[in-house]
Every structure is written in structure tokens, then in C-alpha cells.
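Letters A, B, ... are given to chains in the order of the sequence lines, protein chains preceding strands, and every chain is numbered from 1.
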Protein chains: 2
Amino acid sequence: MFLSSYANSHQVAKATPFKEADSLHGLFSRQPAEHLAIGQSLFFEGDETRHVFEVVEGTLRIFRIISDGRRVITGFLYAGDIVGVSLKERYLYSAEAITPTKVRRLARRAFDDAVADSDELRPEVFSRVCDEMAAVQDQLVLLSSKTAEERLCTFLLRHLRRMIAGGNRETTIELPMTRQDMADYLGLTIETVSRTITKLIGKGVVNVTNPAARHFIKIEKPGMLAQLAGDGGECPEALHDLMAQGDRRRH
Amino acid sequence: MFLSSYANSHQVAKATPFKEADSLHGLFSRQPAEHLAIGQSLFFEGDETRHVFEVVEGTLRIFRIISDGRRVITGFLYAGDIVGVSLKERYLYSAEAITPTKVRRLARRAFDDAVADSDELRPEVFSRVCDEMAAVQDQLVLLSSKTAEERLCTFLLRHLRRMIAGGNRETTIELPMTRQDMADYLGLTIETVSRTITKLIGKGVVNVTNPAARHFIKIEKPGMLAQLAGDGGECPEALHDLMAQGDRRRH
DNA sequence: CGCCATCTTGATTGATATCAAATCCGGTGG
DNA sequence: CCACCGGATTTGATATCAATCAAGATGGCG
């Protein structure tokens with residue numbers, strides 16, 4: 001599966017002078033960069049997992065095509081992410097570039113050996129696997145119980161946080177994916193995504209300043225966005241109420 | 001997170017004469033068994049992850065309570081499963097016994113050290129983490145794109161497969177969880193779960209033989225169940241159509 | 001025997017999908 | 001430079017599946 005870099009990626013990204021085996025980023029740094037054009041595939045669902053990849057630049061979508069032809073996007077990959085670790089013999093999804101993308105690859109075997117040998121790498125891999133697992137959990141909660149508006153707000157909020165974690169003080173986020181991608185990721189239709197964004201603009205929560213760039217969204221009211229996302233920041237807040245039973249509401 | 005044992009668990013379970021560190025099961029085997037009554041909690045979301053657990057007997061639900069009070073069940077734990085591995089400092093969910101349950105625990109630290117030291121344990125942990133990731137992926141697809149009937153059928157089918165994988169030739173599966181649990185796991189309401197099961201009985205796909213035991217469901221037509229589950233067996237079948245674009249349907 | 005939790009069934013509503021048609025925008029070629 | 005084309009997006013009208021609201025039915029258990 002893919003591994004989100006979170007805060008890590010940025011620190012690591014700056015620190016190229018690492019000894020190769022000291023970090024996952026270092027491990028990939030000597031590999032040649034490969035370029036993917038928009039729409040180009042990195043690998044397909046069902047392919048043998050011969051390589052592990054580091055995304056150097058750009059964004060990819062990872063998805064499965066289900067029997068009726070629909071597409072389910074299970075995640076996006078951003079610069080600093082690593083993909084292909086928590087998989088056995090076959091990829092469980094396809095990966096496709098959304099923007100011009102640069103990646104580095106490592107043979108599966110070489111990667112596994114390096115990680116097995118290094119006391120520095122193992123915790124880093126572990127940490128990323130945990131982050132990835134946590135992200136999938138959150139997505140599971142989103143899909144199983146959130147409304148269209150909550151899903152959109154959660155999605156925007158995650159982007160805003162990624163931005164802030166990356167040290168960027170901007171409140172304009174870039175959404176490199178299309179509305180269709182967002183729909184397939186959030187378990188909605190493209191029409192519902194569009195309508196919901198329109199509604200959020202109407203509420204003054206977000207704004208699309210430059211009409212030429214629907215892929216740039218200004219977050220006008222981050223606090224309200226968090227409210228509408230419908231959970232105390234993707235985390236439990238009023239927890240540990242010692243199992244407040246018998247109060248289970250709708251759904 | 002929790003780790004499904006799949007086929008592994010059964011082989012391992014028989015082989016108690018292993019040297020302790022040879023298998024995960026062996027690693028736990030010297031720990032005293034602890035008993036949980038129905039409804040009793042093993043740990044709570046937000047607690048520090050001080051222990052890793054092996055489920056020896058029984059079934060647990062793992063879940064999160066979201067801000068509006070609803071409960072999202074993110075998985076179930078069965079005999080042979082291990083829980084608490086792919087987590088950092090805090091549990092991301094609570095775990096609660098659905099049936100009388102027996103578990104063994106290991107201090108987090110002891111577990112990590114044992115795994116770090118053993119060339120036999122590491123692949124086993126890796127394998128289980130991969131299985132878990134695959135399971136969450138499948139759940140994600142289920143929640144993002146399946147109808148109520150497809151969800152129920154998928155759920156029943158998984159139980160049937162677990163049974164078959166366990167060497168049991170029966171086609172009557174036990175569902176130790178309540179209808180509410182199933183609803184919270186499948187992203188439905190209890191009414192929809194109930195209605196959908198009634199409909200499946202009407203179609204002759206399944207049957208509840210003993211009225212006294214709604215928790216035992218006989219699968220009358222496994223083939224049809226798989227059809228209704230709405231995917232070529234939780235796996236892609238007509239894959240690799242070289243990206244049959246521009247045919248994306250509803251949702 | 002009768003309470004109580006669990007489950008089932010029925011009637012209605014509502015959010016979102018579906019179907020359909022504009023609108024917008026970048027790119028292309030005249 | 002401007003008209004046209006096609007993909008992406010938005011907007012509108014309607015349909016539908018599952019949620020909600022509301023009773024019953026069932027079975028375990030004291």
C-alpha cells in the first residue's frame with residue numbers, strides 16, 4: 001500500500017546529504033528519476049509488486065475498477081509518499097499520474113533487504129505504515145457515516161492541514177485532481193461534489209478566486225470548515241464517556 | 001491495528017510445541033489467558049497502546065464513536081487474530097467482546113523487541129499487516145460503492161469463506177454480532193439490515209433454520225450469494241482492459 | 001407470566017443518484 | 001484575432017434507495 005509522509009516528507013526532502021541508508025528518502029535518492037505524463041500509469045492492479053516507489057514530485061491517484069465499471073479511488077499520492085510497501089505479491093490497485101510526476105523506484109527485494117538490515121529504516125517504515133493505516137481508517141469513517149457536505153469539508157480540511165504541515169501559511173489549497181476524482185474518492189457523484197462546493201461558496205466558507213483555476217480553492221473560514229467536517233478534527237474529542245451506551249443515533 | 005490470521009491461524013493454532021519465538025502464536029502462548037465477558041472492553045480509543053493482544057477464543061468488535069454519538073465498527077476480531085501492532089502511541093478505536101472471549105497480552109515493548117530480533121516473526125507480522133490492509137481496502141470499496149444488498153451479501157460471503165478456510169464444510173455460518181453491529185459495520189441502519197436479510201431469505205439465497213438462533217444463517221445458494229455480492233469474489237476479474245476509459249457509470 | 005432487548009415490518013421522508021442540458025474554458029486552426 | 005470543438009464543470013428536474021419515524025412481533029429470562 002502507499003505510505004503517507006506527513007510532516008516527515010518535508011524535513012527529509014531538504015536533507016539530501018544523508019548517508020543513503022539513514023532514511024527512506026536517502027535510500028531512493030540514488031535512483032534515477034522517472035517522469036510520468038498526466039494520465040500515465042505507474043502500475044496496474046493485479047501486477048506483480050516488483051518495485052517500491054517514492055514520489056518525488058506531482059500527484060497520483062490510486063484506484064480500483066469494480067465489476068460494474070465504476071472506479072473507486074482509495075487514495076492520492078503526493079511528493080514524499082512511498083508506495084508498494086504493505087503489499088504481498090500483487091498490487092491491490094492501479095496508480096496513475098494526475099499531474100506531471102517524477103518518481104524513483106527500487107526493486108522490491110532491494111528495498112526489503114535494506115529495511116531488514118537497517119535499524120534506522122525499520123521504524124520509519126513502521127511509522128509510515130501506521131500513518132497509512134490511520135488514514136484508511138479515517139476514510140472508512142468518512143464513507144460509512146458522513147454526509148456529502150461533511151465529506152467535502154473533511155477532504156478540503158485534509159488538504160489545508162497538509163499545506164500547513166508543509167510550513168505553507170497560505171490558505172489557498174491546490175486540488176490537482178478533477179471533480180470526478182474527488183467524487184470517486186469521496187463516494188459521491190461528480191454532480192454532488194459540484195453542488196456541494198457551490199453551496200460552500202454560498203456560505204462563504206471557501207472561494208474560487210481565479211475562475212480560470214477551479215483547482216485552487218481559498219479557504220475563507222477554516223474554523224467553519226472544521227465544524228462542517230463533522231468531527232473534532234478527524235479525532236475524537238468528547239471521548240472516554242465511559243461508553244455512553246443507549247444513545248446511539250441515526251444510522 | 002488488528003491483524004487477521006486468515007489461513008495462517010489454523011496451522012499455527014495446532015502447533016503449540018513451537019519454540020516460543022518461532023511464531024506469533026508461540027510468542028503469546030506462555031502468557032496467561034484473560035477472560036472477557038460479553039460487552040466487556042479490552043481497551044478504549046485513545047488509550048496508550050501498552051499491549052498487543054492475541055485473541056484465543058471469541059469475537060470482538062472494534063469501533064469508533066463519532067462526534068454525533070453514532071458508532072462506526074471498523075472490524076471484528078476472531079480467534080487467532082492479533083490486535084495492536086500497526087499503531088503508534090494510542091489506540092485508534094475501542095475493542096469490546098461480542099461473545100465470551102479469551103485473550104493473551106504482551107507488553108508492547110516485549111512484542112516489538114521479539115519481532116525485531118526474530119527473522120521468523122518479522123515476515124509473519126508483515127504478512128498480517130498486509131492482510132489487514134487488504135481487508136480495510138475491501139471495506140472501503142464496499143462502503144463507497146455497494147448497495148445494501150451487496151453489502152450484506154459480501155459480509156455473509158466473507159464469513160462463509162472464513163469458515164471454508166478454517167476447514168469447515170458447513171454452509172451454516174454463525175454471526176455472533178447483533179444486527180446493530182452489522183449495521184454499524186456495513187454503514188447501514190438496523191432496519192435496512194433486517195429488511196435485506198428478509199429479502200435474501202425470500203430469494204432463497206439464505207435461510208434462518210432455527211428461529212431461536214437468528215445468529216445462525218444457512219447459505220442455501222453460495223453461487224447466487226457471490227453474484228449478489230457484486231464483485232467477482234472481492235477481486236477484479238475483467239481487469240487490465242487497458243484502462244477502458246470513458247465508460248464510467250453511476251457514482 | 002410478563003418485562004425488556006432485539007428484531008421485524010410498515011409508512012413516509014429525504015439526501016443523493018440519475019438523467020438532461022447549459023455553461024465555461026483551453027486549445028486549435030483559419 | 002476570432003470562431004469552433006471537446007472535455008470538464010455547473011445547474012436543473014426527477015427518481016430512488018435507504019434513513020427515519022412508528023408500531024408490532026419475537027424470544028430470553030427473571
Side-chain angles (χ1 to χ4, degrees), chain A residues 38-39 61 68-72 98-99 142-153 175-184 186-202 206-217 228 230 245-251, chain B residues 38-39 68-72 98-99 142-153 175-202 206-217 228 230 245-251:
Chain A
I38 292 175
R61 57 185 162 235
D68 63 1
R70 278 176 295 165
R71 182 183 68 169
V72 176
I98 283 178
T99 65
L142 180 147
L143 291 173
S144 102
S145 66
K146 291 192 175 179
T147 65
E149 188 175 83
E150 288 169 337
R151 292 178 196 202
L152 246 306
C153 290
L175 300 175
M177 64 290 296
T178 66
R179 299 280 188 261
Q180 184 67 60
D181 288 333
M182 293 169 55
D184 291 348
L186 298 174
L188 301 169
T189 58
I190 185 174
E191 294 95 332
T192 299
V193 168
S194 184
R195 271 187 256 271
T196 305
I197 291 179
T198 301
K199 187 162 43 155
L200 290 176
I201 294 173
V206 304
N207 205 357
V208 178
T209 46
N210 180 357
R214 267 180 292 238
H215 290 276
F216 286 88
I217 292 192
L228 295 176
Q245 288 282 11
D247 163 44
R248 189 159 302 141
R249 274 173 267 172
R250 70 181 158 120
H251 212 243
Chain B
I38 291 176
D68 63 0
R70 278 175 295 166
R71 183 183 67 169
V72 176
I98 283 178
T99 65
L142 180 148
L143 291 172
S144 100
S145 67
K146 291 192 175 179
T147 65
E149 189 175 81
E150 288 170 336
R151 291 179 198 203
L152 244 307
C153 289
L175 300 176
M177 64 291 295
T178 65
R179 298 279 188 262
Q180 184 68 57
D181 288 333
M182 293 169 55
D184 290 349
Y185 179 59
L186 297 175
L188 301 168
T189 59
I190 185 174
E191 293 96 331
T192 299
V193 168
S194 185
R195 269 187 256 274
T196 304
I197 290 179
T198 301
K199 188 164 36 154
L200 290 177
I201 294 173
V206 304
N207 204 0
V208 179
T209 47
N210 180 357
R214 267 181 291 240
H215 290 277
F216 286 88
I217 292 192
L228 294 175
Q245 289 282 12
D247 162 48
R248 189 162 301 138
R249 274 174 269 174
R250 66 178 164 124
H251 210 238

Please pick, from [options], the nucleotide with the shortest atom-to-atom distance to any side-chain atom of [X].
X: T192(A); options: dT16(C), dT11(D), dT10(D); value: dT16(C)
X: L188(A); options: dA17(C), dT10(D), dC7(C); value: dA17(C)
X: R214(A); options: dT10(D), dT16(C), dC7(C); value: dT10(D)

Query raised in the report: Is the base of dC19(C) touched by the side chain of E191(A) through a donor-acceptor pair closer than 3.5 angstrom?
Result: yes
Query raised in the report: After noting the C-alpha distance and the side-chain angles of L152(A) and M182(A), does the key distance pass the side-chain contact (heavy atoms from CB on, under 4.5 Å) rule?
Result: CA-CA 9 Å; L152(A) 246 306; M182(A) 293 169 55; 3.6 Å; yes
Report task. Would you tell me if any nitrogen or oxygen in the side chain of H215(B) comes within less than 4.0 Å of OP1 or OP2 on dC7(C)? Result -> yes
Query raised in the report: If only side-chain N and O atoms of T189(B) are considered, is one of them under 4.0 Å from the OP1 or OP2 phosphate oxygen of dT20(D)?
Result: no
Expressed as a whole number of angstroms, how long is the span from [X]:[atom1] to [N]:[atom2]?
X: I98(A); N: dA8(D); atom1: CD1; atom2: P; value: 13 Å
X: Q180(A); N: dA17(C); atom1: CD; atom2: P; value: 11 Å
X: M182(A); N: dA8(D); atom1: CE; atom2: P; value: 15 Å
X: R179(B); N: dA19(D); atom1: CZ; atom2: C1'; value: 19 Å
X: L186(B); N: dA19(D); atom1: CG; atom2: P; value: 11 Å
X: I190(A); N: dC19(C); atom1: CD1; atom2: P; value: 15 Å
X: D184(B); N: dC7(C); atom1: CG; atom2: P; value: 12 Å
X: K146(A); N: dA15(C); atom1: NZ; atom2: C1'; value: 17 Å

Restricting to nitrogen or oxygen on both sides, can you table the protein-nucleotides 11-14 of chain C pairs closer than 3.5 Å?
residue : atom : partner : partner atom : Å
dA11(C) : N6   : R195(B) : NH2          : 3.4

Query - Residue list, side-chain hydrogen bond (donor to acceptor under 3.5 Å, both in side chains) with T192(B), at least two apart or on another chain - result: T189(B)
Report task. List for me each residue that meets side-chain hydrogen bond (donor to acceptor under 3.5 Å, both in side chains) alongside T178(A), sequence neighbours excluded, and say none if there are none. Result -> D181(A)
Could I get the full list of side chain to side chain contact (heavy atoms under 4.5 Å, CB included) partners for [X], not counting sequence neighbours?
X: I201(A); answer: I197(A), V206(A), N207(A), V208(A)
X: R195(A); answer: E191(A)
X: T99(B); answer: T59(B), T101(B), P176(B)

Query - Polar side-chain atom of R70(A) near backbone of S145(B) as donor-acceptor pair, under 3.5 Å - result: yes
Report task. Just call it for S194(A): base, sugar-phosphate, or nothing, with non-hydrogen atoms closer than 4.0 Å on any strand. Result -> base
